[in-house]
Undergrad: 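Pasting a structure below so you can have a look.
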Amino acid sequence: MMNSKILAFRRIPMNMTTLILFCAVYFGTVMNYPILKTIFQLSADVSNPLFAYTAPILLTCAFIIIFSLFAWPYFFKPFMFFVILSSAAALYAEVNFQALLDTTMMESVFETNSSEISFYFNVRLLIFLLGFGLLPCVFLAWIRITPHSTWRRALISRIALVLVAVVGIGLIAETCYKDYASVGRNNHYLNQMIIPAHIFNGAKYLNRTYFESQLEYQTLGSDAHLAAVANGKPTLMVVVLGETARAMNFAYNGYKRDTNPYTKNMGLIAFQQVSSCGTYTALSVPCMFSNMTRGSYDKRRANSQDNVLNVLQHAGVDVLWIDNDGGDKGVAKNLAYISINSSLKNDDCNGSTCFDVAMLNDANTFIDQGTHDKLLVLHTIGSHGPTYWQRYPDAQAPFQPACNRNDIENCSDEQIVNVYDNTLVYTDYVLAQVIQQLQRVSTKYNVMLTYISDHGESLGESGMYLHGTPYLIAPKQQTHVPWLVWMPEQYATQKGINKKCLENKAQNSALSHDNLFHSLLGLYGVSSQVHDATLDIVQSCQSIS
């Protein structure tokens, strides 16, 4: 009995108004350290010497108003526990990876599976969660909220606090509005740095995904038909969907290192200037297979209509999607689908992730089952970070020393580039293995392969790591992607494609994911009203012979 009285006495008494102020100051200063640091850096170009110093005051005033809306008995503490803990994770992402948790990034977060989430756990993350999340929550739990003597005093106290905050914002607007307008206009990303805006953006994503009414499903390309070929053989195309591969680190694109040693003598065509639809998988993958351009892409619409793989199905093509990268993001919902079991432990899987070569057994089975028109999609894990070293066997790591840890920001630039380039070498090995499989069956099929990545990756340039930066401000490292085509002479002849023309286009044309939908139809030889010849890389390279 005595112990409980001592514990109760030791709890910190505090009224709700004071608690709101404490929380607002914490978020206006500590939790938003990244944006405050950025504003101080940008203030060098601002003539007003007070501008940068008003930023923490402005944020604190804003949080006073926001938190006052949720400051109700029995609700405020649990609400703040969630806000603080999630904000600690958001702070870690901003400080270490310069991530901006806007609506698009929250889409990526929510569509990341449990295996991928494990890639990001490390000691540094735990320190952030403990120091900026758990300990403040313990302090908050230890506070005993004491009520005001009357409800009128409570109301007056709350109104007074909010009024002080409003006045503070007004004074800052009066003295620094032009400075904020100027800095904000030239740095649109700043508002996306504010923590905990990720909660609002996450709610927007959840509402749009699960609560907005779905569009009526639209069938596209039901008129699709496959042109006959002179040799009478069926067509077998393999589409290898890369993950996080950036074009500038491909030897095919002029990179100084030989990151394509396995396929360099196989006659691949490398398109030099290709831009992605997005900077993260959940956006890029459904976008690139849809008939929409990056500028017109709408996720709800993409989920409610056929994509290019469905159009190929309408033409009588047997399509299979094999996945080794956490899901198809809705693209394969109407297709035959195989997911590699990453929980296995064998030569190709470690219990949480598998090397991409693990897909080849199922690929072989599909290729050898019957002889008819087929398309196989291999969704690779490729260069998915930050656990890059888990993407390849130790014996296939030519570039050393490598960053064999997931807190990559603590590795040297050389180690990060080495481990990333090793993933590209292994991807090239997998491509060579698939091409050899296709060569094996070329007496029965007209065979070809194309490889294209969903987005690129930052490796520390300008302090940025990984991907997912809003497209408007994303660096080229995240948007410039490789696109390769392996096309034997037999395939080119039967499909009426001039390879020399295609090689020239690869060197000189600016392309993007916008071209993929229509180019797959053109490469396969499928005609349809949904085919846009102006976006088909093959259309202008049709051979007369």
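Sequential numbering from 1 along the given sequence is applied to the chain's residues.
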Undergrad: N253 vs R246, test: side chain to side chain donor-acceptor pair (under 3.5 Å). Steps then yes/no.
TA: CA-CA 10 Å; N253 294 75; R246 65 187 207 178; over 6 Å; no
Undergrad: Please determine if D421 and K256 form a salt bridge, counting it only when a charged side-chain N lies under 4.0 Å from a carboxylate O.
TA: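 Judged by the 4.0 Å cut-off on N to carboxylate O distance, D421 and K256 do not form a salt bridge.
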Undergrad: Distance-only, no hydrogens or angles: does the Q218 side chain make a donor-acceptor pair with backbone N or O of E216 under 3.5 Å?
TA: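 No; zero donor-acceptor contacts below 3.5 Å.
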Undergrad: Answer yes or no: is there a donor N or O on one side and an acceptor on the other, between the side chain of Q415 and the main chain of S412, under 3.5 Å?
TA: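 Between the backbone of S412 and the side chain of Q415 there is a qualifying donor-acceptor contact (under 3.5 Å).
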Undergrad: Shortest non-hydrogen contact from R391 to Y426?
TA: O-CD2, 3.2 Å
Undergrad: Any chance you could measure L375, atom CG, to Q313, atom CD, to the nearest 0.5 Å?
TA: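 Spacing of CG (L375) from CD (Q313) equals 10.0 Å.
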Undergrad: Would you say the side-chain atoms of N201 pair up with the backbone N or O of A197, donor to acceptor, closer than 3.5 Å?
TA: yes
Undergrad: Counting the benzene-type ring for Trp, do Y420 and Y388 have ring centres under 6.0 Å apart?
TA: yes
Undergrad: Tell me whether D258 is salt-bridged to K264, with the criterion being a basic N under 4.0 Å from an acidic carboxylate O.
TA: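 K264 and D258: salt-bridged.
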Undergrad: Between the side chains of K374 and Q369, is a donor N or O closer than 3.5 angstrom to an acceptor N or O?
TA: no
Undergrad: Would R257 and F399 count as a cation-pi pair here, with the cationic atom under 6.0 angstrom from the ring centre and within 45° of the axis?
TA: yes
Undergrad: Report the relative orientation of the aromatic rings in F271 and W483; use parallel for angles under 30°, tilted for 30 to 60°, perpendicular for over 60°.
TA: tilted
Undergrad: With sequence neighbours excluded, tell me which residues meet side chain to side chain donor-acceptor pair (under 3.5 Å) with N515.
TA: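 With sequence neighbours excluded, N515 shows a side chain to side chain donor-acceptor pair (under 3.5 Å) to no residue whatsoever.
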Undergrad: Verify the neighbour count for atom CG of N341: are there more than 12 heavy atoms of other residues, nucleotides or ligands below 6.0 Å?
TA: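 Correct, the count exceeds 12.
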Undergrad: Can you confirm whether K333 is buried at NZ, in the sense that more than 12 heavy atoms of other residues, nucleotides or ligands lie under 6.0 Å from that atom?
TA: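 Atom NZ in K333 is crowded, with more than 12 foreign heavy atoms closer than 6.0 Å.
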Undergrad: If the threshold is 4.0 Å, N to carboxylate O, is there a salt bridge linking R300 and D298?
TA: no
Undergrad: In sequence, state the C-alpha distance, the side-chain angles, and the governing distance for I435 and Q439, and then conclude on side-chain contact (heavy atoms from CB on, under 4.5 Å).
TA: CA-CA 6 Å; I435 289 173; Q439 289 172 330; 4.0 Å; yes
Undergrad: When you look at OH of Y217, are more than 12 heavy atoms from neighbouring residues, nucleotides or ligands closer to it than 6.0 Å?
TA: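 Yes, because the 6.0 Å sphere around OH of Y217 holds more than 12 heavy atoms from other groups.
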Undergrad: Could you walk me through whether Y429 and Y262 pass the ring pair (Phe, Tyr, Trp, His ring centres under 6.0 Å) test, one step at a time?
TA: CA-CA 5 Å; Y429 167 76; Y262 296 99; 5.2 Å; yes
Undergrad: Yes or no on side chain to side chain donor-acceptor pair (under 3.5 Å) for Y92 and N122, after CA distance, side-chain angles and deciding distance?
TA: CA-CA 11 Å; Y92 169 79; N122 55 57; 2.9 Å; yes
Undergrad: Do we get R294 above Y471's six-membered ring, with its NZ or CZ under 6.0 Å from the centre and within 45° of the axis?
TA: yes
Undergrad: Specify whether H467 and H455 have parallel, tilted or perpendicular ring planes, treating 30° as the upper limit for parallel and 60° as the lower limit for perpendicular.
TA: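 Answer is tilted, since the angle falls between 30° and 60°.
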Undergrad: Output yes when a side-chain donor or acceptor of H513 lies under 3.5 Å from a complementary backbone atom of C277, and no otherwise.
TA: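 A pair under 3.5 Å: yes.
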